[in-house]
Asks: 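There's a structure below that I have some questions on.
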Amino acid sequence: IQKYLTEIKEQRLEARVQELGEGNEYIEPCLKCKVDKRDKKQIFKKFGSEEKSSPEDLKEKTEAFTPFEIGDFLSSVHRRFFISADSGMGKTTILDELLLKIADKEIETDLIPIHFHLSQLTDCKNINVLRDSLPRHFPKTLFDGLFDNKKLLFLLDGMDQVGDRENLSILLSGNHVFGENRIIATGRPYIYNTFSADLENYAFITIDVFDDGQVKRYLGKYAEDTELKRFHKSNPHIFRIPIVLKMIKDLAKEKELENLQTKSDLYEKVIRLIFQKEQKLINMRQRGEITWDEDKLIKHFVNLSYYSFKNKDIGIISQKNKDELLRQLQMRDEDFLLLTHCGIICNILESGKKGSDYVFRHQSFQEYFASLRLKEIIFKDGKIDEDVLREHLEYTYWDEVWIFLVGLLLDEHLQKKLIDKMAMLPDCLHLAGICLNSYTGDRTNYNNIMSELFSLFPDPKALDTLVKIAD
């Protein structure tokens, strides 16, 4: 067990350095746990007796959120948790941090963590399949004893990145696969809403965006950078997202923040910086193994990202779809292998299976690249192709792609056309509202969208959208 913990600690530390960057500290996010409506005793104990609580008070209080520490995952009366947060908020990082604290014995527990990307378990319907999917370093002879004695902690990352979702209900509800062991699953809010009935026994955990103090603490001396302040003035909301804040600091160090206007501009510069700094890519160029320039690399990643996303490989390139994808793109295996050395995608190493899936550095990189392809096909002669629009608005997992796309459009009139069209379509008002954060024109042109969102109160989705617009 100790050998296994040491192995996964080394893997996670390496991943953490890449995620945080050299010299950047990990700032623990503010976690909150939604109070379960059915847990009335806890509510009455905290807010007073049942006799003193009116029905209106009770409704408000049962939807309250209470502070939650990372160690509570191990000591809480709940045995199953779902961490729900938007892109880049640090869901994976929380799992890594918990794993590291257990491996370092910073948190005393007899639970043994096992980390899975949920895409690795799409065919898992019972304990036998689970056993075959264990990480290669896990001591398999001890698995059954630990499983039966409820000594395992399953860390299940990326529920929203599972393309084949047919088996998710079996996987996450009941005890068919994980028994009565502890589970922490992660995903974006839309996937939680989709499977809320299967997750009713999971404590609901959210992650607060960084506050001003956390932002300044993370940026350090770069908080006073002139270009950074200019970018912050027009994009304050993205500074509160941990992964984006890290990118901003990386560019500030390299004095590369000039002329940035939107999050899309930020991603373009960060990706080019990765290509310049990735040591494997530098070595390959020096040996003459790759002659592609940055634009050629971006073109390959655009096609790879868009078509894998369209195949419902979200945040990943699955092994079962890879060969067909490469044939579709007329890409050789050797060329794909070169792309895995560019710092954007890598093999999932934890699985003991042969031919593991490939995972993007972060799902948002795939979404950014996919938006570049969508930009090429959404307009015909300056007009929106309505068939393309409807096809790519059908599933909510395309939402971040649309947000990137609005930021990519240099013409604010094209931005306005796209947002106006979204706002007119059923169930797309919230997305149109969020896209206003990437709109470079006068937002007062969109009082109608904001008025419609206000009219939907107390719908929490409408409130969340207005908060994002206002920030």
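Model, not experiment: these values are computed from the prediction. What you see below is based on every heavy atom in this structure, not just the backbone, and it leaves out hydrogens, waters and symmetry mates.
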Asks: Can you tell me if R182 uses its side chain to pair, donor with acceptor, with the backbone of H78 under 3.5 Å?
Replies: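 Yes; at least one donor-acceptor contact below 3.5 Å.
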Asks: Is NZ or CZ of K249 both nearer than 6.0 Å to the six-membered ring centre of Y218 and within 45° of the ring axis?
Replies: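 Verdict for Y218: a cation-pi partner in K249.
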Asks: Among L98, D157, I205, which residue satisfies the side chain to side chain contact (heavy atoms under 4.5 Å, CB included) criterion with I184?
Replies: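 Passing option: L98.
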Asks: Do the non-hydrogen side-chain atoms of F275 and L281 ever get within less than 4.5 Å of each other?
Replies: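 Sidechains of L281 and F275: in contact.
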Asks: Please confirm whether K417 makes a cation-pi placement over F379, using NZ or CZ under 6.0 Å from the six-membered ring centre and within 45° of the ring normal.
Replies: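 No, K417 does not sit over the ring of F379.
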Asks: Thinking salt bridges, do E412 and K416 make one under a 4.0 Å N-O criterion?
Replies: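 No, no charged N to carboxylate O under 4.0 Å.
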Asks: Can you name the one residue among R361, E367, Q366 that meets side chain to side chain donor-acceptor pair (under 3.5 Å) with Q363?
Replies: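 Among R361, E367, Q366, the one meeting side chain to side chain donor-acceptor pair (under 3.5 Å) with Q363 is E367.
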Asks: Counting only N and O atoms by type, is there a donor-acceptor contact under 3.5 Å from the side chain of D225 to the main-chain atoms of A252?
Replies: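 Checked: no pair found.
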Asks: Taking only Lys NZ, Arg NE, NH1 and NH2, and the carboxylate oxygens of Asp or Glu, determine whether E386 and R390 approach each other closer than 4.0 Å.
Replies: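 Judged by the 4.0 Å cut-off on N to carboxylate O distance, E386 and R390 do form a salt bridge.
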Asks: Does any donor atom in the side chain of D420 or Y446 lie under 3.5 Å from an acceptor atom in the other side chain?
Replies: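 Yes, Y446 and D420 have a side-chain donor paired with an acceptor closer than 3.5 Å.
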Asks: Assess, by modelled atom type and distance only, whether the side chains of D313 and N321 contain a donor and an acceptor separated by less than 3.5 Å.
Replies: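 Present: a donor and an acceptor within the cut-off.
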Asks: Determine whether a donor-acceptor pair (N or O, by modelled atom type, separation under 3.5 Å) exists between the side chain of R230 and the backbone of L257.
Replies: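 Pair found, side chain donor or acceptor close to backbone of L257.
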Asks: For the residue pair H392 and W402, categorise the inter-ring angle as parallel (less than 30°), tilted (30 to 60°) or perpendicular (more than 60°).
Replies: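 If you compare the ring of H392 with that of W402, the planes turn out perpendicular.
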Asks: Please assess M247 against Y267 for the test side chain to side chain contact (heavy atoms under 4.5 Å, CB included), listing each intermediate value before the final yes or no.
Replies: CA-CA 8 Å; M247 294 179 186; Y267 269 74; 3.5 Å; yes
Asks: More than 12 non-hydrogen atoms from neighbouring residues, nucleotides or ligands closer than 6.0 Å to CG on D427, yes or no?
Replies: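 No.
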Asks: Assess the side chains of S438 and Q415: does a donor N or O sit below 3.5 Å from an acceptor N or O?
Replies: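 There is no such pair (donor and acceptor under 3.5 Å, judged by atom type) between the side chains of S438 and Q415.
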Asks: Can a donor-acceptor pair be found, under 3.5 Å and without considering hydrogens, that links the side chain of D385 to the backbone of V388?
Replies: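 Indeed, once roles are kept as given, a pair shorter than 3.5 Å links the two residues.
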Asks: Cation-pi between K216 and F239: NZ/CZ under 6.0 Å from ring centre and within 45° of the ring axis?
Replies: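 No - K216 does not lie over the ring of F239 by the 6.0 Å and 45° rule.
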Asks: Is a donor on one side and an acceptor on the other found under 3.5 Å between the side chain of T340 and the backbone of L337?
Replies: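 The answer is yes, because a donor-acceptor pair under 3.5 Å joins these two groups.
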Asks: Could E289 and K280 be called an ion pair, given the rule that one side-chain N must be under 4.0 Å from one carboxylate O?
Replies: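 The answer is no: the pair does not qualify as a salt bridge.
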Asks: How far does NZ of K312 sit from OH of Y397, to the nearest 0.5 angstrom?
Replies: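 One gets 5.0 Å once the value is rounded to the nearest 0.5 Å.
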Asks: Charged N to carboxylate O under 4.0 angstrom, K91 versus D86?
Replies: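 No, no charged N to carboxylate O under 4.0 Å.
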Asks: Where do R272 and E268 land on the salt bridge (Lys or Arg N to Asp or Glu O under 4.0 Å) test, with the steps shown first?
Replies: CA-CA 6 Å; R272 291 184 181 275; E268 180 186 1; 3.5 Å; yes
Asks: Has the side chain of Q214 got a donor or acceptor atom that lies under 3.5 Å from a matching backbone atom of D211?
Replies: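 Yes, Q214 side chain to D211 backbone: donor-acceptor pair under 3.5 Å.
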Asks: Any donor-acceptor pair under 3.5 Å linking the side chain of D265 with the backbone of T262?
Replies: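 Yes.
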Asks: Keeping the roles fixed (side chain from K269, backbone from E256), state whether a donor-acceptor pair exists under 3.5 Å.
Replies: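 Looks like yes, one N/O pair under 3.5 Å.
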Asks: State whether K277 and E254 are salt-bridged, where the test is any N-O pair (Lys NZ or Arg NE/NH1/NH2 against Asp/Glu carboxylate O) under 4.0 Å.
Replies: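 Yes, charged N to carboxylate O under 4.0 Å.
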Asks: Would you say the ring centroid of Y358 lies under 6.0 angstrom from that of F336?
Replies: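 Centroid separation for Y358 and F336: below 6.0 Å.
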Asks: For E69, is there any backbone N or O sitting under 3.5 Å from a side-chain donor or acceptor partner on D72?
Replies: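 Answer holds: yes.
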Asks: For the pair S305 (side chain) and V302 (backbone), establish whether a donor and an acceptor sit closer than 3.5 Å, ignoring hydrogens and angles.
Replies: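 It does not hold such a pair.
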Asks: Do F301 and F369 have ring centroids that are under 6.0 Å from one another?
Replies: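 Judged by ring-centre distance (under 6.0 Å), F369 and F301 do meet the cut-off.
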Asks: What pairs of residues pass the salt bridge (Lys or Arg N to Asp or Glu O under 4.0 Å) test when at least one of them lies in residues 318-331, not counting sequence neighbours?
Replies: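 Listed once each, the pairs are D164-K320, K322-D333, E324-R327.
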Asks: Could you verify whether a donor N or O on one side chain and an acceptor N or O on the other, from N283 and Q279, lie under 3.5 Å apart?
Replies: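 Their side chains do contain a donor-acceptor pair, which is all the 3.5 Å distance test asks for.
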Asks: Once the angle between the rings of F116 and F154 is folded into 0 to 90°, is it parallel (under 30°), tilted (30 to 60°) or perpendicular (over 60°)?
Replies: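 Because their plane-to-plane angle is under 30°, the rings of F116 and F154 count as parallel.
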Asks: Please check if the number of heavy atoms outside K461 that lie under 6.0 Å from its NZ is greater than 12.
Replies: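 Not buried by this count: 12 neighbours or fewer within 6.0 Å.
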